[in-house]
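Remarks on the structure that follows.
Reminder, nothing fancy here: chain letters follow the sequence lines and each chain counts from 1. In this text the structure is predicted, and so the values were computed from the model without any measurement.
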Amino acid sequence: MELFKTNQLKIYNSLSKSKEIFKPVLEGNVGMYVCGPTVYSNVHLGNVRTFMSFDLIFRYLKHLGYKVRYVRNITDAGHLTDDDSEDKISTKARLEKIEPMEVVQKYTVDFHTILQKLNFLPPSIEPTATGHIIEQIEIIKDILAKGMAYEINGSVYFDVLKYNETENYGILSGRNVEDTIENTRSLDGQSEKKNPQDFALWKKADESHIMRWPSPWSDGFPGWHLECSAMSTKYLGKTFDIHGGGMDLKFPHHECEIAQSNVNNHVHPVNYWMHANMLILNGQKMSKSTGNYILPNEIFTGENKILNKPFSPSATRFFMFQANYRSILDFTSAGLEASEKGYLKLIEAINKLDKIEVAATSTIDIKAWKQKCYDAMNDDFNSPVLIAQLFEAVKYVNLLIEKKETLTAEDLEEFKSTIHMFVFEVLGLQNEVKQNSTDKISGVVEMLINMRKDARDNKDWALSDKIRDELSSLGIQLKDGKEGTTFSVN
RNA sequence: GGCGUCGUGGCCGAGUGGCUAGGCUGGGCUCUGCAAAAGCUCCUACAGCGGUUCGAAUCCGCUCGAUGCCUCCA
């Protein structure tokens, strides 16, 4: 029987601002859409955190036995710059004097490389905005036909005020349009829009603009908000289960998606809206201009001014999951160092699992422990609590090896498989310790351990300590236990 | 200014009304030739001020602070 039938999953829904029991549209199936990156520069670390949260969610849903279709788009057109007239990709292409598609290619590759290093699962579909121009044009036609948009000078805008007469523009973000009007009154009236809060569905391209597609209104390009509506509808249907993204996309991006779908399909597009919170760096907002900024790859190489040392992808992943996805997370060197130690402790315990011997009786209630792990994840993907339970398991491992606790063969098997499943399959961590110590090294170290044992038996402390210290300086730590000496490679 | 999110011990972070996670750091003890590892243990907190309640970190109000969106930066 699938696990989802026995596990009651609760998800915090940004729309209702409360935890709700998760019920997919189609039993056993989950449709999930997450707003992907705009590929006009290296992927932002905060963005990585958002995607990592949804990687965890994707992994856990799959683990529960759901058939998940996970769509995460690539925005390669339509995301406008501040003056609201030029596409971000185009701007970058002009600045670097390369083709827009070169910009897209370069940063898409960067994005995938970083995610691969961090052991992300690829989404089921990764559609691009430029690959769905036709679908977007069809939606614009429909919205125009329904009278909720207007054309001016070859551009098409969504009529927010008119929409708000019958629907609620602000249902997700808690804004009301009247306030928005007052607060935007001071902006200059250069825009051709009827109202400042109207957003673009189609923008006419000026002569210098390289990225352009023909449409009934002009040669131009689609608005940013539209691509997500087009692609989510195409691959997941008019109403689907989960829509995710960073907290910063709640308004206006997701609000606009809701408006578009409400007009286009006459339904609210999403049952569960999920928003990952922000990542800050040393207590401050990340900002390129102030230098309080770090690229994901610089974490791994250590080539940065923020952190004291490099950190591995798994240590970084572990650090991120020690906080709940809905909390603001402060990215600091001290925090990463603490997490790295915790991660190594966990992995070392996992690598020691085979040393546990089977006993006739169990002194630990493995089923109760396992249930706590599931309870944590079922409670809105509470990874910090899951990790706390995994540290309980670390304690068990050490006590079991010392024979202060015992497990039957059946319980031991369940214990091992549960640990492996949560650590590697659900959290997506990698066993970096194991990768470092090859069998050849193990053989050599074992030999030295035996030599040291002889020295110790002869009370030749000078030789024994020399072996220990020299191995230590090579990054190999010896650990004397009741059952003999073991080692770990740092 | 408006709309959100949040403010927990030396640090990081769970916890939504009573049973007070976990990690890192530091102290003590056990084990050990010594150390490390491991086990046990200690330091016990909820921004401030009011209120509701038999009882609040948890609910309500106000104040202060952080952060996000509203304006390019995830």
| field | salt bridge (Lys or Arg N to Asp or Glu O under 4.0 Å): pairs with one or both residues in residues 40-58 of chain A, sequence neighbours excluded | value |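 Checked against salt bridge (Lys or Arg N to Asp or Glu O under 4.0 Å) - neighbours excluded - the pairs reaching residues 40-58 of chain A are A:Asp55-A:Arg59, A:Asp55-A:Arg317.
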In whole Å, I'd like the distance from the [atom1] atom of [X] to the [atom2] atom of [N].
| X | N | atom1 | atom2 | result |
| --- | --- | --- | --- | --- |
| A:Asn292 | B:A74 | CG | C1' | 15 Å |
| A:His44 | B:C72 | NE2 | C1' | 12 Å |
| A:Ile114 | B:A74 | CD1 | C1' | 15 Å |
| A:Met286 | B:G68 | CE | P | 12 Å |
| A:Leu281 | B:U67 | CG | P | 13 Å |
| A:Asn47 | B:A74 | CG | C1' | 4 Å |
| A:His225 | B:C69 | NE2 | P | 14 Å |
| A:Met247 | B:C3 | CE | P | 17 Å |

Output a table of nitrogen or oxygen pairs between the protein and nucleotides 25-27 of chain B separated by less than 3.5 Å.
residue: B:U25; atom: OP1; partner: A:Lys341; partner atom: NZ; Å: 3.0

Least distance between heavy atoms, [X] atom then [Y] atom:
| X | Y | answer |
| --- | --- | --- |
| A:Lys117 | A:Pro313 | O-CB, 3.1 Å |
| A:Leu427 | A:Ser383 | CD2-CB, 4.4 Å |
| A:Met211 | A:Asp76 | CE-O, 3.2 Å |

| Stepwise side chain to side chain contact (heavy atoms under 4.5 Å, CB included) test for A:Phe318 and A:Phe311 | CA-CA 11 Å; A:Phe318 193 75; A:Phe311 292 96; over 6 Å; no
| field | 5'-most by nearest nucleotide on RNA chain B - A:Asp248 or A:Gly174 | value |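 Residue closer to the 5' terminus by nearest nucleotide: A:Gly174.
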| With sequence neighbours left out, what residues match A:Lys92 under salt bridge (Lys or Arg N to Asp or Glu O under 4.0 Å)? |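 Salt bridge (Lys or Arg N to Asp or Glu O under 4.0 Å) check on A:Lys92 returns A:Glu96.
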| field | Non-neighbouring partners of A:Glu470 that pass salt bridge (Lys or Arg N to Asp or Glu O under 4.0 Å), sequence neighbours left out | value |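 By the salt bridge (Lys or Arg N to Asp or Glu O under 4.0 Å) rule, A:Glu470 matches no residue at all.
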| Distance-only donor-acceptor test (3.5 Å): side chain A:Arg175, base B:C70 |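 There is none.
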Rounded to whole angstrom, note down the [atom1] distance from [N] over to [M].
| N | M | atom1 | value |
| --- | --- | --- | --- |
| B:G55 | B:G13 | C1' | 27 Å |
| B:C29 | B:U8 | P | 34 Å |
| B:U32 | B:G15 | C1' | 39 Å |
| B:G68 | B:G28 | P | 43 Å |
| B:A21 | B:C46 | C1' | 14 Å |
| B:G23 | B:G18 | P | 23 Å |
| B:U25 | B:C11 | C1' | 7 Å |
| B:A14 | B:U58 | C1' | 13 Å |

| query | Is the count of non-hydrogen atoms from other residues, nucleotides or ligands lying under 6.0 Å from A:Gln116 atom CD greater than 12? | reply |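 It does not: A:Gln116 CD has 12 such atoms or fewer within range.
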| Other residues, nucleotides, ligands: >12 heavy atoms within 6.0 Å of A:Lys466 NZ |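 Open: at most 12 neighbouring heavy atoms sit under 6.0 Å from NZ of A:Lys466.
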| said: Counting only side-chain heavy atoms from C-beta out, which of B:U67, B:C70, B:G23 sits nearest to A:Lys285? | reply: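 Among the listed nucleotides, the one closest to the side chain of A:Lys285 is B:U67.
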| query | Distance under 6.0 Å and angle within 45° of the ring axis: does A:Arg326 meet both against A:Tyr12? | reply |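 Flagged: A:Arg326 positioned over aromatic ring of A:Tyr12.
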| For A:His275, ring pair (Phe, Tyr, Trp, His ring centres under 6.0 Å) partners two or more places apart |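 With neighbours one apart ignored, the set is A:His254.
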| field | Residues that A:Tyr70 engages under ring pair (Phe, Tyr, Trp, His ring centres under 6.0 Å), provided they are two or more places apart | value |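 Counting only residues at least two positions away or on another chain, A:Tyr70 forms a ring pair (Phe, Tyr, Trp, His ring centres under 6.0 Å) with A:Phe58.
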| query | Excluding sequence neighbours, so at least two apart, what forms side-chain hydrogen bond (donor to acceptor under 3.5 Å, both in side chains) with A:Lys106? | reply |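 For A:Lys106, no residue satisfies side-chain hydrogen bond (donor to acceptor under 3.5 Å, both in side chains) once neighbours in sequence are set aside.
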| query | Would a line drawn from the ring center of A:Tyr374 to the ring center of A:His63 be shorter than 6.0 Å? | reply |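 For A:Tyr374 and A:His63, the ring centres are under 6.0 Å apart.
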Each nucleotide N or O in nucleotides 59-64 of chain B that has a protein N or O under 3.5 Å away: list the pair and distance.
none

| field | Pairs where residues 331-357 of chain A contributes a residue and the test ring pair (Phe, Tyr, Trp, His ring centres under 6.0 Å) is met, not counting sequence neighbours | value |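 Found A:Phe319-A:Phe331.
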| query | With Watson-Crick and G-U wobble geometry limited to distances under 3.5 Å, how should the secondary structure of RNA chain B be encoded in dot-bracket form, using | for bases paired to another strand and [ ] for crossing pairs? | reply | (((((((..(((.....[...))).(((((.......)))))....(((((..]....))))))))))))....
| task | With side chain to side chain contact (heavy atoms under 4.5 Å, CB included) as the test, would you mind laying out the steps for A:Phe321 and A:Ile387 before giving the verdict? | result | CA-CA 8 Å; A:Phe321 288 152; A:Ile387 288 172; 4.0 Å; yes
| Summary of protein contacts for nucleotides 6-15 of chain B, nucleotide by nucleotide, where a base hit scores B, a sugar-phosphate-only hit scores S (4.0 Å, heavy atoms) | -------SSS
| task | Summarise protein proximity over nucleotides 28-46 of chain B in one line of letters, 5' to 3': B for base, S for sugar-phosphate only, - for none, counting protein heavy atoms closer than 4.0 Å. | result | -----BBBBBSSS------
| Please walk me through it: do A:Phe199 and A:Tyr157 pass side chain to side chain contact (heavy atoms under 4.5 Å, CB included)? | CA-CA 5 Å; A:Phe199 57 90; A:Tyr157 295 97; over 6 Å; no
| Given A:Met377, which of A:Leu56, A:Ile57, A:Val385 fulfils the side chain to side chain contact (heavy atoms under 4.5 Å, CB included) condition? |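 Exactly one pass, corresponding to A:Leu56.
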